[in-house]
Amino acid sequence: MSLQTDVSRATAESESEARLISFLDTAVDGILVIDEEARILVYNIACERLFGWTAEEAIGRNVKLIMPMAYGRAHDSYVSNYMDTGERKIIGIGREVHARHKDGTEFPVELSVGEARIPQGRQFIGIIRDLRPRKEAEQRVRELQADLVHIARVSAIDEMGAALAHELNQPLTAIMLYLQAGTRTIRKGRDARTDDALISVMEKAVHEADRAGAIISRMRQFVEKREPNRRGVDLNAVIDEAVELTLLGMRDKVRVVRIYSRDLPPAFAEPVQIQQVVVNLLRNAAEALRGRPDGEVRIETTALDDGPAVIVSDNGPGIPPEALPDLFKAFATSKKTGMGLGLSISRTIAQSHGGDLVVDPGGNGRGARFTLKLQPAETDEARTGED
Ligand code: ADP
């Protein structure tokens with residue numbers, strides 16, 4: 001080999017090395033290379049930003065430097081297990097893990113690992129993407145969604161306000177009448193007989209006060225803003241409360257037939273959100289039945305193959321074909337005062353529960369039939385157990 005060739009090869013090598021370094025440093029993702037002993041060989045600028053260690057500090061150190069303590073301990077056994085058995089836990093797969101900053105904070109990253117075999121042994125290349133921006137955006141979307149769902153509940157109570165006020169007025173009026181009757185009895189002068197009559201009107205007044213209290217607490221629970229807390233729930237009881245609330249909030253009461261399955265598995269659900277879906281579906285059905293004396297809504301709970309479900313059907317006109325394509329989209333409404341948010345929010349709620357809201361539109365003499373599908377509670381427990 002002539003001197004000339006050696007020089008040009010050295011230039012070519014340093015050129016390609018420079019190109020490689022600038023390529024590594026241009027990358028937005030952290031890129032690092034470790035050897036078989038988990039020593040850091042390459043550590044780009046993005047890694048410096050991500051982990052707070054400079055390349056000078058990091059190169060030559062064990063990769064545990066940027067791993068949470070618990071992973072760090074497991075990592076040695078991962079590497080040696082892979083060396084011994086060739087079993088791949090992460091190489092070529094990529095997964096979400098936690099990384100550790102120099103200041104000790106831990107944060108989620110997506111890690112993809114590749115392997116290179118070189119004459120000196122094996123090297124592993126890790127590409128690390130910071131997942132915090134994505135997680136924060138997801139969290140923000142979840143919060144906005146929860147706000148919207150909550151606002152829709154407040155708006156439903158607002159729409160039912162007049163009818164609810166009327167329902168509340170009834171027990172309050174009754175209490176007043178019982179108290180007046182009691183006062184009259186006392187004025188007339190007391191004996192053993194009037195005492196019994198007094199006790200009886202007092203008991204009736206207490207019963208009416210309970211009834212008014214129950215209406216208020218049902219309304220309050222429905223509009224209360226709470227962190228969604230999904231858990232195993234008895235769907236029949238949850239649905240029944242929603243039916244009661246809807247009936248209270250209707251001026252023209254509609255006939256509601258309840259068919260509850262007795263052997264329903266517990267559903268994985270945030271009760272108030274499921275009630276919100278049911279209130280929406282029942283109110284829509286009642287609206288479709290307006291002016292039909294034979295109008296009837298059926299609400300059924302049933303166990304489908306993949307979980308418990310609630311079916312709300314009516315004997316109204318069905319969904320008009322032209323409304324069908326946009327039925328679950330926001331602001332699609334056939335009503336003068338409707339916002340067209342009910343079904344869109346209901347489906348969002350269903351899907352955020354890992355379920356769905358589907359419709360059989362009916363028509364030609366058949367009413368609409370909505371099915372709210374949910375997950376059984378065990379599935380979630382099993383899933384949590386896997387994590
Ligand atoms: P809104 O009730 O504010 O109109 P929704 O999203 O709840 O909004 O409903 C959208 C539209 O779907 C309604 O305006 C109505 O045209 C139609 N719809 C919903 N449920 C039924 C039903 N059971 N029967 C007939 N049409 C229905």
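As the structure lists them, so they are numbered: ligands from 1, and atoms in each ligand from 1. What you see is a predicted model; the values in this text were computed from it and never measured.
Contact between Gly316 and ligand 1 is absent, with no heavy atom of the residue lying under 4.0 Å from the ligand. Within the 4.0 Å heavy-atom shell around ligand 1 one finds Leu327. Residue contacts with ligand 1 include Gly318, since one or more of its heavy atoms lies under 4.0 Å from the ligand.
In terms of protein heavy-atom proximity, atom 4 (O) of ligand 1 is nearest to Thr333 OG1, 2.5 Å. In terms of protein heavy-atom proximity, atom 15 (C) of ligand 1 is closest to Ser334 OG, 3.4 Å. Regarding atom 24 (N) of ligand 1, its nearest protein heavy-atom neighbour is Ala288 CB, 3.4 Å. Taking atom 2 (O) of ligand 1 as the reference point, the nearest protein heavy-atom neighbour is Lys335 NZ, 2.6 Å. The nearest protein atom to atom 10 (C) of ligand 1, hydrogens excluded, is given as Ala332 O, 3.3 Å; this is a heavy-atom distance. The protein atom (non-hydrogen) at minimum distance from atom 20 (N) of ligand 1 is Asn284 CB, 3.3 Å.
When the shell of 6.0 Å around CZ of Arg140 is examined, it contains 12 or fewer heavy atoms from other residues, nucleotides or ligands.
Remark: Asp130 does not engage Arg49 in a salt bridge, criterion side-chain N to carboxylate O under 4.0 Å. Looking at Arg218 and Glu241, no side-chain N of the basic residue comes within less than 4.0 Å of a carboxylate O on the acidic one, giving no salt bridge.
Looking at Leu343 next to ligand 1, an N or O pair under 3.5 Å apart turns up.
A 4.5 Å side-chain heavy-atom check between Gln180 and Leu177 finds at least one atom pair inside the cut-off.
At a cut-off of 3.5 Å, with distance as the only test, a side-chain donor of Gln139 or Arg142 sits close to an acceptor on the other residue.
Under the 4.5 Å side-chain heavy-atom criterion for Ile, Leu, Val, Met, Phe, Trp and Tyr, Ile125 and Phe23 are members of the same hydrophobic cluster.
Using a 30° and 60° split on the angle between ring planes, Phe328 and Phe370 fall in the perpendicular class, above 60°.
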- Let me see the working for Met160 and Arg283 under side-chain contact (heavy atoms from CB on, under 4.5 Å), right down to the final yes or no. CA-CA 10 Å; Met160 297 194 275; Arg283 285 170 55 76; 3.0 Å; yes

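In this comparison of Ile319, Leu282, Asp314, the heavy atom closest to atom 26 (N) of ligand 1 sits on Ile319. The option with the heavy atom closest to atom 8 (O) of ligand 1, from among Ala368, Ser155, Gly340, Ser344, is Gly340.
The heavy-atom pair separating Met69 from Glu106 by the smallest distance is N-OE2, 4.5 Å.
Remark: ligand 1 atoms within the under-4.0 Å shell around heavy atoms of Gly342 are 5 (P), 6 (O), 7 (O), 8 (O).
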